[in-house]
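Encoded as structure tokens, the structure appears first; notes follow it.
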Amino acid sequence: MHALMKPLWEEKPDYASTTFPPPREFQNAAHQSLRDGFRADHRCQMIMAPTGAGKTYLGHRIALEALMKGRSVVFVCDRTTLINQTSATADAYGLSAHGIVQAKHWRRNGMPYQIASAQTLAKRGYWPQADVVIIDEAHTQHKVWTKFIQNTKAACIGLSATPFSPGLAKLFTNLINATTMHELTQSGVLVPMRVMSCKKVDMTGAATSGGEWTDEAAAARGMEIVGDVVSEWLKFAEPRKTIVFGATIKHCRELARQFLDSGVMAAVFTSETTAAEREILLKEYRKPDSNLRVLISVEALAKGFDVPDVGCVVDCRPLRKSLSTAIQMWGRGLRSSPETGKTDCLLLDHSGNTLRFAD
């Protein structure tokens with residue numbers, strides 16, 4: 001299951017020409033704490049860094065340090081949709097000598113730096129050679145990497161804004177807290193969030209499974225207030241670029257239908273959206289003057305999705321216990337965007353999550 005590929009490169013690529021922006025003080029400190037942890041025999045370590053702290057930046061810098069020493073590195077993305085985004089970021093830093101582990105991908109090669117999704121690794125059944133493994137969104141414990149890091153000699157680094165899920169301490173023996181959301185907001189990296197508690201989904205007596213409300217129950221209750229979701233957005237958030245989180249794909253489609261019926265350009269972005277459709281939607285949505293104002297998703301946009309000028313998050317996905325999921329969703333709108341005049345992010349809470357988790 002975990003056999004390693006032999007290295008395919010004949011000579012080490014030149015990584016000396018990378019153009020990383022200077023690290024912020026807390027990024028330098030986190031990287032140094034990681035080095036200190038390895039010296040103290042912590043082979044597997046977790047870096048906790050909130051939205052906007054530059055987890056991908058940190059991951060690529062850690063990778064570069066290992067690559068410059070002749071080591072091989074695998075950067076594991078939480079899902080296939082984040083591979084190209086992570087690859088594009090590496091290119092932007094001049095770290096273009098990397099490959100992507102994905103069938104028929106044009107960038108499939110034997111470079112010492114490989115970017116792969118957990119899903120692709122699970123499907124293939126074997127890993128590229130790895131002296132260093134970097135795992136993004138490590139609070140999502142995919143079996144393919146949780147098993148691998150326990151049976152490898154490679155140095156393993158988890159990256160997460162919300163390392164709260166049970167069992168992580170059995171996998172990572174050292175936790176490095178890079179910075180806090182408050183510190184990032186104070187420094188202008190993030191914008192403050194204004195929360196409006198709108199008409200909420202009533203989850204009284206709703207069915208649960210594993211301690212969480214079932215998607216079906218959340219969607220059924222959410223359908224009752226779809227019209228209120230659209231009217232509240234029109235009243236308080238128009239024309240902000242917005243991400244809406246629904247309970248199921250069916251729920252998301254109904255939300256999109258009512259936004260469109262109200263004259264608002266909206267689209268659904270879910271696990272059923274094809275790769276070609278995703279590329280078209282994201283290219284349009286990333287434009288500062290995009291006509292596409294609202295993207296609607298269950299969870300596909302909750303992790304690692306970065307469009308800095310998103311100015312509103314609409315939470316229609318009630319959660320009983322998954323605080324980390326809620327934080328991931330809300331964080332999609334917190335990045336600063338000075339060039340577009342963004343000064344805050346509006347959270348329209350139709351889920352009751354803010355009050356529920358405050359309690």
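By convention here, the first residue in the shown sequence is residue 1.
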Checklist entry - Is there a side chain to side chain donor-acceptor pair (under 3.5 Å) between Thr274 and Glu277 once you walk through the steps? => result CA-CA 5 Å; Thr274 67; Glu277 290 170 335; 3.2 Å; yes
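- Salt bridge status for Arg317 with Glu299: present, with a side-chain N to carboxylate O gap under 4.0 Å.
- Counting only heavy atoms from C-beta outward, the side chains of His142 and Thr140 approach each other to under 4.5 Å.
- Nearest approach of Thr270 to Ile296, heavy atoms of both residues: CG2-O, 4.4 Å.
- Inter-residue side-chain proximity for Thr86 and His60 is flagged as met; some heavy-atom pair is nearer than 4.5 Å.
- Taking a cutoff of 4.0 Å between a charged side-chain nitrogen and a carboxylate oxygen, Glu254 and Arg257 qualify as a salt bridge.
- At least one side-chain heavy atom of Arg107 sits under 4.5 Å from a side-chain heavy atom of Ser87.
- To the nearest 0.5 Å, atom CG of residue Leu319 and atom CH2 of residue Trp213 are 8.0 Å apart.
- Judged by distance alone, with hydrogens and angles left aside, the side-chain atoms of Thr180 form a donor-acceptor pair with the main-chain N or O of Glu183 at under 3.5 Å.
- Asp228 and His350 make their closest contact through O-CE1, 3.9 Å (heavy atoms, listed as atom of the first residue, atom of the second, distance).
- Side-chain contact check for Thr354 and Asp349: at least one donor-acceptor pair (N or O, by modelled atom type) lies under 3.5 Å.
- One finds the OG atom of Ser187 at 10.0 Å from the NE2 atom of His182 (value rounded to the nearest 0.5 Å).
- Interatomic distance, OG1 of Thr89 versus CG of Leu82, reported as 10.0 Å (0.5 Å rounding).
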Checklist entry - Going through the checks in order, is the side-chain contact (heavy atoms from CB on, under 4.5 Å) test met by Phe20 and Arg61? => result CA-CA 8 Å; Phe20 279 82; Arg61 277 185 63 90; 3.4 Å; yes
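- Considering all non-hydrogen atoms of both residues, Val76 and Ser117 come closest at CG1-C, 4.4 Å.
- Only one option out of Arg293, Arg335, Lys241, Arg332 pairs with Asp309 in a salt bridge (Lys or Arg N to Asp or Glu O under 4.0 Å); it is Lys241.
- Side-chain contact between Ser351 and Val201: absent, with no pair of heavy atoms (C-beta onward) separated by less than 4.5 Å.
- Not one N or O on the side chain of His31 forms a donor-acceptor pair closer than 3.5 Å with the backbone of Gln27.
- Here the closest heavy-atom approach between residue Ala138 and residue Ile135 is recorded as CB-O, 3.7 Å.
- Separation of atoms CZ (Phe269) and OG (Ser297) is listed at 7.0 Å; rounding is to 0.5 Å.
- When all heavy atoms of Thr242 and Trp233 are compared, the closest pair comes out as OG1-NE1, 2.8 Å.
- Of the possible donor and acceptor atoms, none in the side chain of Thr179 sits under 3.5 Å from a partner among the backbone N and O of Phe26.
- To the nearest 0.5 angstrom, Ser160 atom OG is 10.0 Å from Gln141 atom CD.
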Item to check | Stepwise side chain to side chain donor-acceptor pair (under 3.5 Å) test for Asn84 and Glu279 | outcome: CA-CA 10 Å; Asn84 288 332; Glu279 185 176 351; over 6 Å; no
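- No side-chain donor from either of Asp78 and His139 sits under 3.5 Å from a side-chain acceptor of the other.
- Donor-acceptor pairing under 3.5 Å is lacking for the side chains of Glu216 and Thr248.
- In this structure, Ile176 and Met48 have side chains that are not in contact, with every pair of non-hydrogen atoms separated by 4.5 Å or more.
- Using a 4.5 Å heavy-atom threshold, the side chains of Lys250 and Met223 count as touching.
- Counting only heavy atoms from C-beta outward, the side chains of Trp127 and Thr152 never approach each other to under 4.5 Å.
- Taking the charged nitrogens against the carboxylate oxygens, Glu284 and Lys287 do have a contact shorter than 4.0 Å, which makes a salt bridge.
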Next on the checklist: Determine whether Arg194 and Cys345 satisfy the following criterion, side-chain contact (heavy atoms from CB on, under 4.5 Å), listing intermediate values before the conclusion.
Outcome noted: CA-CA 6 Å; Arg194 291 194 297 122; Cys345 175; over 6 Å; no
Checklist entry - Does the pair Glu224 and Lys199 meet the rule for a salt bridge (charged side-chain N to carboxylate O under 4.0 Å, His left out), with working shown? => result CA-CA 11 Å; Glu224 299 174 4; Lys199 184 173 181 179; over 6 Å; no
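- In this model, a donor atom of one side chain and an acceptor atom of the other lie less than 3.5 Å apart for Gln32 and Asp36.
- Within the 4.5 Å cutoff, the side chain of Tyr15 has heavy atoms near those of the Leu95 side chain.
- Taking the six-membered ring for Trp and the full ring otherwise, the centers of Phe75 and His98 sit at least 6.0 Å from each other.
- At least one donor-acceptor pair under 3.5 Å links the side chain of Ser72 to the backbone N or O of Asp131.
- When ring centroids are compared, Tyr57 and Tyr93 come within the 6.0 Å threshold.
- Here the CG atom belonging to Leu175 is positioned 6.5 Å from the CG atom belonging to Asn177, to the nearest 0.5 angstrom.
- The two residues Arg320 and Phe357 make their nearest non-hydrogen contact at O-CE2, 3.8 Å.
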